[in-house]
K.L.:
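Pasting in a structure now, in structure tokens, and then I'll have a few things to ask.
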Amino acid sequence: MERVVSGIRSTGNLHLGNYFGAIRNFVRMQNDHECFFFIADYHSLTTHPTPNDLHSNVRQVLVEYLAAGIDPEKATLFVQSDVPEVAELTLLLSMNAYVGELERTSSFKEKVRKNPNNVNAGLLTYPVLMAADILIHRATKVPVGKDQEQHLEMCRKYARRFNGLYKTEYFKEPEPFNFGQDLLKIPGLDGTGKMGKSEGNGLFLADSPKQIRKKVMKAVTDSGPTEPNSPVTEPVQNLFTIMDVVSEPGTLQFFQQEYANCTIRYGDLKKQLAEDIVQFVEPIYNRIQELSADSDYLQKIARMGAEKAHESAAKTVKEVREIIGFKKF
Ligand code: TRP
């Protein structure tokens, strides 16, 4: 059984792209792996959120992941800052992290380019905190998208250096967990590109049926096929792609055939698509409403997660302190 650790960015508003990307795979993984999923609120401090935003973002993420199917009885779901041991491990690992290589990290360089007025040390050491997140639970696998590959490589390097310095095999180098084919790419409703949070082209798990219908009816299409069997244009293909994941197979085939015959009516396509998306999202949407109103339950879940994560983290930090040579008088 693999030990899996994954950090979740602490900004809410998950969309269908997130769902059919990582989240659905997390939900599957929790059944046959020992999973630690945490809301990365320490990491989020690099952007200086207000105290109110910080907490409400974390709460929203917790609600949405639970609603999407993370089962706190199966996976350890916790808030990063509830387990402050990770801050100590970050300090200890930072002694093996060289400033030059941190400065050369692509994510850091990008942040510097985008926000030249907020180049804080937390941004620079972001990969060290991330390495601590992973190593503190002795993860063997980390689900990573393209943008996090370099960070995982750095984590492996810090594990290696620690082992080398102290002549130990304490840390195993965690491997990337690649979802491969299972990572579906969901396009947006604006005719081109991926669904995103800030692109204004997204369908969110927290969208009501009414909002979903409205957004789908406004989705970009084209002026319609004029010749039989003409190639499907990108905006229409995007709607077909979404249909492929939410609708019955026959539904997609029907509209593809109508397109090929030049008899397709986009209004009908959108109506059907909207209903199928609503059917998919509505149970999650309802669950989000229930959970949002249930502070007691959220508290219980967060405390339970913190306790489980603390146990695993405290053990690692204790062992690492011994390896390093800290001794009690
Ligand atoms: N950096 C990750 C992201 O932006 C989030 C993250 C923090 C993470 N710590 C982690 C992911 C540890 C995997 C493992 O998405």
Side-chain angles (χ1 to χ4, degrees), residues 2-15 17-19 21-26 29-30 33-47 49 54 57-58 60-62 64-65 68 70 75-91 93-94 97 102 105-111 114-115 120 122-159 171-179 183 194 196-198 305-306 309 312-313 316:
E2 304 285 355
R3 256 193 175 216
V4 177
V5 168
S6 189
I8 300 164
R9 285 175 216 191
S10 67
T11 48
N13 295 326
L14 297 172
H15 52 68
N18 302 128
Y19 183 85
I23 301 172
R24 193 179 55 145
N25 289 301
F26 287 179
M29 276 168 113
Q30 64 186 353
H33 299 298
E34 194 176 347
C35 295
F36 290 81
F37 299 130
F38 66 92
I39 303 166
D41 60 345
Y42 278 144
H43 283 283
S44 79
L45 297 184
T46 56
T47 60
L54 178 66
N57 285 340
V58 169
Q60 187 63 20
V61 173
L62 184 62
E64 292 189 359
Y65 273 80
I70 299 292
T76 301
L77 177 62
F78 67 103
V79 179
Q80 186 184 31
S81 65
D82 279 343
V83 187
E85 285 86 352
V86 77
E88 182 173 354
L89 187 60
T90 302
L91 174 78
L93 291 176
S94 74
L102 290 170
T105 311
S106 346
S107 57
F108 177 70
K109 288 196 291 192
E110 194 184 313
K111 296 271 160 62
K114 285 195 180 151
N115 294 305
N120 60 66
L123 275 181
L124 185 68
T125 57
Y126 186 108
V128 190
L129 175 55
M130 179 159 160
D133 289 329
I134 296 166
L135 297 175
I136 206 161
H137 300 298
R138 323 285 302 279
T140 55
K141 293 270 179 190
V142 181
V144 278
K146 263 256 161 290
D147 63 330
Q148 300 297 317
E149 273 171 11
Q150 190 179 27
H151 292 156
L152 182 60
E153 215 30 76
M154 294 169 85
C155 171
R156 292 163 56 86
K157 186 148 60 179
Y158 303 148
F171 288 124
K172 265 215 214 109
E173 288 180 41
E175 310 258 351
F177 193 114
N178 207 320
F179 294 128
L183 209 58
K194 276 204 321 186
K197 189 182 160 187
S198 41
S312 149
T316 302

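Side-chain atoms are counted along with the backbone in the values below, which use heavy atoms only and exclude waters and symmetry mates. Read the numbers this way: they start at 1 and go in the same order the structure lists the ligands and their atoms.
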K.L.:
Can you report which non-hydrogen protein atom sits closest to atom 4 (O) of ligand 1, along with the distance?
P.N.:
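Going by distance alone, atom 4 (O) of ligand 1 is nearest to Arg9 NE, 2.8 Å.
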
K.L.:
Give me the residue, atom name and distance of the protein heavy atom closest to atom 9 (N) of ligand 1.
P.N.:
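For this ligand atom, the closest protein heavy atom is Asp133 OD2, 2.8 Å.
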
K.L.:
Using distance alone, with no hydrogens and no angle criterion, decide if Gln60 and Asn13 have a side-chain donor and acceptor under 3.5 Å apart.
P.N.:
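Per modelled atom types, Gln60 and Asn13 side chains form no pair under 3.5 Å.
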
K.L.:
Checking Ser81 against Asp41: is there a side-chain donor and acceptor pair closer than 3.5 Å?
P.N.:
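Asp41 vs Ser81: donor-acceptor pair found between side chains.
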
K.L.:
Just distances here: any N/O of Tyr126 and N/O of ligand 1 closer than 3.5 Å?
P.N.:
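Yes - when backbone and side-chain N and O of Tyr126 are compared with those of ligand 1, one distance drops under 3.5 Å.
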
K.L.:
Below 4.0 Å, non-hydrogen atoms only: which portion of Phe177 touches ligand 1? Side chain, backbone, both or neither.
P.N.:
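Neither; nothing of Phe177 gets under 4.0 Å from ligand 1.
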
K.L.:
So, do Pro143 and Val4 sit near enough that their side-chain heavy atoms are less than 4.5 Å apart?
P.N.:
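In short, these two side chains touch, coming nearer than 4.5 Å.
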
K.L.:
Starting from atom 5 (C) of ligand 1, which protein heavy atom do you reach first, and at what distance in Å?
P.N.:
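For atom 5 (C) of ligand 1, the nearest protein heavy atom comes out as Gly7 O, 3.8 Å.
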
K.L.:
Got the closest protein heavy atom to atom 2 (C) of ligand 1, with its distance?
P.N.:
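Ranking protein heavy atoms by distance from atom 2 (C) of ligand 1, first comes Gln148 OE1, 3.3 Å.
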
K.L.:
Using the side chain to side chain contact (heavy atoms under 4.5 Å, CB included) rule, pick out the option among Thr46, Thr47, Thr125 that qualifies with Asn120.
P.N.:
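Looking at Thr46, Thr47, Thr125, the match for Asn120 under the side chain to side chain contact (heavy atoms under 4.5 Å, CB included) is Thr46.
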
K.L.:
Which atoms of ligand 1 have any heavy atom of His43 under 4.0 Å away?
P.N.:
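Ligand 1 atoms under the 4.0 Å threshold to His43: 7 (C), 9 (N).
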
K.L.:
Is the contact between Asp147 and ligand 1 made by the side chain, the backbone, both, or neither, using heavy atoms and a 4.0 Å cut-off?
P.N.:
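Neither; no heavy atom under 4.0 Å.
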
K.L.:
Do Phe78 and His137 make the cut of ring centroids closer than 6.0 angstrom?
P.N.:
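Yes, the ring of Phe78 comes within the 6.0 Å limit of the ring of His137, centre to centre.
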
K.L.:
May I ask you to check whether Phe38 and Phe36 place their ring centers less than 6.0 Å from one another?
P.N.:
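No; Phe36 has its ring centre 6.0 Å or more from that of Phe38.
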
K.L.:
Are the ring centres of Phe37 and Phe26 closer than 6.0 Å?
P.N.:
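Under 6.0 Å, so yes.
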
K.L.:
If we set the cut-off at 4.0 Å for heavy atoms, which region of Val142 has an atom near ligand 1: side chain, backbone, both, or neither?
P.N.:
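Under 4.0 Å from ligand 1, Val142 contributes side-chain atoms alone.
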
